[in-house]
Amino acid sequence: MFKLKVNNIDIEIEEGLTVLQACEKAGVEIPRFCYHEKLSIAGNCRMCLVEIEKSPKPIASCAMPAADGMNIKTNTPFVEKARKGVMEFLLANHPLDCPVCDQGGECDLQDQSMFYGVDKSRYKENKRSVPEKNMGPLIKTQMTRCIHCTRCIRFATEVAGVPELGAIGRGEDMQITTYLEQSMQSELSGNVIDLCPVGALTSKPYIFEARPWELKKTETIDVMDAVGSNIRVDTYGWEVKRVLPRINEDINEEWISDKTRYACDGLLNQRLDTPYIKYNGKFEKASWKEVFNIINVKMKSANSSKVCGITGDLVNMETLYVFKEFFNKTLNSKNLEFRNNHSYLNPEKRENYVFNSSINGIEESDLIFLIGSNPRYEATILNARIRKAYLQNKINIFSHNNVGDLTYPYESLNGKTNVIKEIVEDKHYLSKLIKSAKKPLIIIGQSALLSNSGKYIFESIKSFLVSNNKINSEWNSLNIISENASTVGSLDLGIYSTSNGSNEILKHLENHEYEIIYLLGQDSLKFKKENEFIIYQGSHGDKGAEIADIILPGAAYTEQDGYYTNLEGKLQKAYKASYPPGEAKEDWQILNDLAETMNHRKLFNDKDELLSSMFNYLKLFKDSNTTKKISEVKDLNFINEEIKVNNIDYYYSNSIARASKTMFNCRNEKLISLSTGTEG
């Protein structure tokens, strides 16, 4: 710690900070365009100039390390004149198109020019013109507005790990471009729009849609993957216009994936807005009373053992809890499951299905071993954190499979289960590395759990970590990557029926042992229907609705309050930003009303009663989890096979994404780049 002065105020700061950071510690705001907390220092916009005692020239505060005894001044005429000079140069070539620029109202250059701009220009020369660049279906370019802050270049190279952007030319001829005039091949590319301090890079799907001051802003949670990124949903009327990131250093920092940002146009398309009944192979509109009466008759005529419920990937925890109560109390059935495949599951301890080291903890790790996982597509933000850990600590990263470019170097093994056997039996060089590492990260993906060896891989790796004290009160090296937003919440609430880790419900379903199947937002079930009566409740006319006999229109994640538990086990609340269309209702309400039709009594009088009951259940689950005795796992049959990492259709992973025109365009662009061999 050392002392310095900022505007004659004494402050004490830790070593390693820049002058700009020292000023901010003193509560003084410094204008900047090129500097960003998460990116390397460029020092090329010169807007952050300050005066330092004994220095004859103004100093770029973002690039100057703070030193003991410095006397910094940020509000003198000398500083103001210097900043006005910089602003005059920046505006010399900047087009005056604020009225038609999508950045208007939230533009850093616009804001700073209010303080340091002048009302006339001394330059008579023609302004430069830069041709537009093709950066794909997500990013619209207007490069004449570019002020060469290089934030986008640094983000693509450092954070996204796909070094496709760069500068060509010098001086006035300098241009920011993708070298080969192709779209950015990164799942984080949309973040350059937030980083751009001017209107050079704007959102292509959002072009001319609305102004910032016209939008209602709702802070909520993303459900496109299991990470639980913190987002802000902007609505115009009740239409979702855009999704932006919120800062949460523990989860997504200030980045979001392109799917999170752009799939929101799918909230408008293929929506279910009224109940439907299938007559002679065709859907016909019906009233709520009509569909409830039919379901009531069907349910009461069937044996409770012949009824099952399967939940989907975007369902919030309140709805899951009501669904469980509906089955347990109204139908007297326990045939519930959230899995749509035969992946291995050991739900005895919570640590068996969450990312125990936490997303933030990735930066503390000193070795990472990926088993049957491609985090770039399964959890994009988590993958960016692994890259950050690699850049900061130069850690060793191993992958059981070769899964292509993960944006960081890794050593791939042969993908066979005999490698896992050798590791857990101390016959592999990786065994010694894991044991000698202080905070190793073993990340098991769903592809590994879905294989025939899923049980062997999980249980043997876990016992290896336990025996080597890598699972303790200070650090837990066992990490599972969940693919869906509702996975951990479903497990916490007990929405599963498992015997020895297998999916019992799906086995019976495939043998056509059920008469009635209730699909709650489940659109990924590969099931050949015979004589089953299928009820589908969801927001989109997707795969689940196609095979249904009755459709109950529900609400999307932006249209109802709801809790979600992310892959590391953090409970977060998503807030309502708009309303369900037409006659659609919130999901928990549909189940509550259906229970009233069948039993003449609602399960819960209101949402508060539901939440109170759910939190009590979760508290009991948490308490029992700490005292529960773990039964010994037997029958660890070793099967020597190759584990193949599932190909994830990243842009089409859920019903909202499949309804999105923007995701359709991204998917096409990806397929074109794969066919031409230009993918990064």
Side-chain angles (χ1 to χ4, degrees), residues 160-163 185-188 343-344 355 357 362-363 365-437 439-454 456-458 460-462 464-465 468 470 477-483 638-650 670 673-674 677-680:
V162 185
Q185 303 295 328
S186 169
E187 297 72 40
L188 293 164
S343 62
Y344 175 71
F355 199 89
S357 304
I362 292 171
E363 292 178 42
S365 68
D366 47 3
L367 181 142
I368 295 175
F369 181 29
L370 303 167
I371 304 172
S373 175
N374 184 339
R376 181 171 174 178
Y377 298 127
E378 290 172 17
T380 306
I381 296 298
L382 186 142
N383 191 65
R385 197 67 79 112
I386 296 176
R387 174 172 169 78
K388 185 180 178 184
Y390 167 75
L391 291 175
Q392 284 180 352
N393 309 325
K394 291 290 179 281
I395 57 175
N396 290 321
I397 302 173
F398 299 87
S399 175
H400 188 230
N401 312 73
N402 185 351
V403 290
D405 181 18
L406 288 177
T407 72
Y408 42 81
Y410 62 91
E411 184 183 326
S412 64
L413 310 178
N414 66 13
K416 293 190 174 173
T417 45
N418 67 332
V419 174
I420 303 292
K421 192 171 190 284
E422 287 172 15
I423 289 168
V424 299
E425 291 176 357
D426 277 348
K427 295 175 183 174
H428 198 277
Y429 68 92
L430 196 52
S431 309
K432 194 179 284 184
L433 291 173
I434 292 170
K435 288 198 282 188
S436 60
K439 291 185 174 181
L441 235 73
I442 313 298
I443 299 175
I444 301 175
Q446 294 302 312
S447 299
L449 299 174
L450 190 53
S451 67
N452 296 324
S453 308
Y456 176 82
I457 291 170
F458 177 83
S460 61
I461 287 286
K462 186 181 180 185
F464 172 74
L465 293 172
N468 288 290
K470 300 302 177 189
S477 294
L478 182 69
N479 298 286
I480 307 296
I481 287 194
S482 308
E483 288 178 1
F638 171 72
I639 306 165
N640 192 13
E641 61 174 339
E642 187 176 349
I643 306 298
K644 291 190 176 169
V645 177
N646 299 331
N647 286 326
I648 294 170
D649 197 348
Y650 178 74
K670 181 93 171 173
S673 66
L674 283 169
T678 55
E679 192 201 10

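The chain is numbered in sequence order, starting from 1.
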Checklist entry - Is a side-chain donor-acceptor pair under 3.5 Å present for Y408 with N383? => result yes
Checklist entry - Pick from L465, N479, L478: which one makes a side chain to side chain contact (heavy atoms under 4.5 Å, CB included) with I442? => result L465
Item to check | Residues D366, N393; criterion side-chain contact (heavy atoms from CB on, under 4.5 Å); working and verdict | outcome: CA-CA 7 Å; D366 47 3; N393 309 325; over 6 Å; no
Item to check | Pairwise side-chain contact, N401 with K644, heavy-atom cut-off 4.5 Å (strictly under) | outcome: no
Checklist entry - Under a 4.5 Å cut-off applied to non-hydrogen side-chain atoms, are I457 and L449 in contact? => result no
Checklist outcome for this item: The reported gap from CG in N468 to CG in D426 (rounded to nearest 0.5 angstrom) is 6.5 Å
Item to check | Point-to-point distance, once rounded to the nearest 0.5 Å, from OG of S482 to CZ of F355 | outcome: 10.0 Å
Checklist entry - Given I395 and L441, is the side-chain contact (heavy atoms from CB on, under 4.5 Å) satisfied, shown in steps? => result CA-CA 11 Å; I395 57 175; L441 235 73; over 6 Å; no
Checklist entry - Would V403 and L370 count as a side-chain contact (heavy atoms from CB on, under 4.5 Å) if you check the C-alpha gap in whole Å, the side-chain angles of each, and the deciding distance to 0.1 Å? => result CA-CA 10 Å; V403 290; L370 303 167; 5.7 Å; no
Checklist entry - If every non-hydrogen atom of F398 is compared with every non-hydrogen atom of L367, which pair is closest and at what distance? => result CE1-CD1, 4.0 Å
Checklist entry - Do you know the tightest heavy-atom contact between S186 and V162? => result CB-CG2, 3.9 Å
Checklist entry - F369 vs H400 aromatic rings, parallel, tilted or perpendicular, using cut-offs 30° and 60°? => result perpendicular
Next on the checklist: Please report the interatomic distance CG(L430) to CD1(I423), rounded to the nearest 0.5 Å.
Outcome noted: 4.5 Å
Next on the checklist: Distance check, rounded to the nearest 0.5 Å: T407 atom OG1 versus L188 atom CG?
Outcome noted: 8.0 Å
Item to check | Value rounded to 0.5 Å, distance of CZ in F638 from CG in N452 | outcome: 12.0 Å
Next on the checklist: Within the 4.5 Å heavy-atom criterion, are I420 and I643 side-chain neighbours or not?
Outcome noted: no
Item to check | Backbone N/O of L433 and side chain of S436: donor-acceptor pair under 3.5 Å | outcome: yes
Checklist entry - CG/N647 to OH/Y377 distance, rounded to the nearest 0.5 angstrom? => result 9.5 Å
Checklist entry - How far apart are the closest heavy atoms of S453 and E641, and which atoms are they? => result OG-OE2, 2.6 Å
Item to check | Trace of the side-chain contact (heavy atoms from CB on, under 4.5 Å) decision for L406 with N374 | outcome: CA-CA 8 Å; L406 288 177; N374 184 339; 3.1 Å; yes
Next on the checklist: Do K388 and Y390 form a cation-pi contact, if we require the NZ or CZ to be under 6.0 Å from the six-membered ring centre and within 45 degrees of the ring's axis?
Outcome noted: no
Item to check | Lys/Arg-Asp/Glu bridge criterion (N-O < 4.0 Å) met for E187, K670 | outcome: yes
Item to check | For the student: nearest non-hydrogen atoms of P440 and S477, plus distance | outcome: O-OG, 2.7 Å
Item to check | Polar side-chain atom of S343 near backbone of Q446 as donor-acceptor pair, under 3.5 Å | outcome: no
Next on the checklist: Give me the atom names and distance for the closest heavy-atom approach of Y456 to K421.
Outcome noted: OH-CG, 3.2 Å
Checklist entry - Quick one: does H428's side chain get under 4.5 Å of V419's, heavy atoms only? => result yes
Checklist outcome for this item: Taking every heavy atom of R385 against every heavy atom of I362, the minimum-distance pair comes out as O-CG2, 3.8 Å
Checklist entry - Will you find, in the side chains of Y410 and N402, an N or O donor that is under 3.5 Å from an N or O acceptor? => result yes
